[in-house]
Amino acid sequence: MSTVFQAAGIAAVCAVLALTIQKDSAPLSWCLALAGGLAILWLGAGVLREALAEAGNLLAASGLDSGIYLPVVRVVAIGVLVRLTGALCKDAGQNALAAKLELAGTAAAVAACMPLFRQVLQYANTLSAR
């Protein structure tokens with residue numbers, strides 16, 4: 001929880017400073033925003049490492065087949081990647097490129113779910129056969 005407050009503080013300070021110096025030095029403003037974004041990503045990566053370690057422990061204890069949860073993990077990773085990259089495209093003024101990226105990300109997410117859909121259908125067939 002404190003990491004979120006730290007990230008929000010970094011974002012607020014960098015945004016105000018970048019806005020303040022933007023008219024005098026646009027490249028420096030951009031660099032400041034980039035540095036703030038990297039600092040926030042670094043904080044988020046630490047939280048993500050802890051969450052993934054805990055999720056790994058829970059999945060190992062559950063005994064679930066990796067075919068059940070691996071597609072979900074892939075879809076989440078695709079979503080995060082597309083969201084971050086799309087935001088960068090939009091910040092660069094490339095809205096059309098961001099829209100195309102979102103479409104490709106959606107197609108990749110659907111494709112990543114196919115093994116899960118297959119398992120659900122197989123499970124439904126075994127239930128109907130009983």
- Query: For the atom pair CG (Leu59) and CD (Glu54), what is the distance rounded to the nearest 0.5 Å?
  - Reply: 10.0 Å
- Message: Would you compute the distance between atom CZ of Arg74 and atom CG of Leu116 and round it to the nearest 0.5 angstrom?
- Response: 11.0 Å
- Message: Within the 4.5 Å heavy-atom criterion, are Cys89 and Asn95 side-chain neighbours or not?
- Response: no
- Message: What I'd like to find out is whether the side chain of Leu43 reaches to under 4.5 Å of the side chain of Ile10, using heavy atoms alone.
- Response: yes
- Gap separating the CG atom of Leu48 from the OG1 atom of Thr3, nearest 0.5 angstrom: 12.0 Å
- Any donor-acceptor pair under 3.5 Å linking the side chain of Thr20 with the backbone of Val16? yes
- Item | Closest heavy-atom pair and its distance - Cys113, Val75 | SG-CG2, 3.4 Å
- Query: Does any non-hydrogen side-chain atom of Leu19 lie less than 4.5 Å from one of Gln22?
  - Reply: yes
- Item | Closest non-hydrogen atom pair, Gly105 against Ile78 | O-CG2, 3.5 Å
- Note on the structure: For Pro115 and Ala112 the tightest heavy-atom approach is CD-O, 3.4 Å
- Message: Using modelled atom types and a 3.5 Å cut-off, is there a donor and acceptor pairing between side-chain atoms of Ser29 and backbone atoms of Ser25?
- Response: no
- To the nearest 0.5 Å, tell me how far Leu121 CG sits from Met114 CE. 10.0 Å
- Message: Using the rule that Ile, Leu, Val, Met, Phe, Trp and Tyr join whenever any side-chain heavy atoms are under 4.5 Å apart, tell me whether Val80 and Leu41 fall into a single cluster.
- Response: yes
- Query: Closest approach of Ala98 and Gly86, non-hydrogen atoms and distance?
  - Reply: CB-O, 3.7 Å
- Message: Quick one, Lys90 with Glu102, criterion salt bridge (charged side-chain N to carboxylate O under 4.0 Å, His left out). Give me CA distance, side-chain angles, the key distance, then yes/no.
- Response: CA-CA 12 Å; Lys90 287 178 183 177; Glu102 289 169 3; 3.5 Å; yes
- Task: Report yes or no: do Trp30 and Leu17 belong to one cluster of Ile/Leu/Val/Met/Phe/Trp/Tyr joined by side chain heavy-atom distances under 4.5 Å?
- Result: no
- Step by step, work out the side chain to side chain contact (heavy atoms under 4.5 Å, CB included) result for Tyr123 and Val120. CA-CA 5 Å; Tyr123 182 68; Val120 168; 5.7 Å; no
- Query: What's the shortest heavy-atom distance between Leu28 and Ile21, and which atoms?
  - Reply: CG-CD1, 3.8 Å
- Item | Verify same cluster id: Leu34, Leu88 (apolar side-chain graph, 4.5 Å) | no
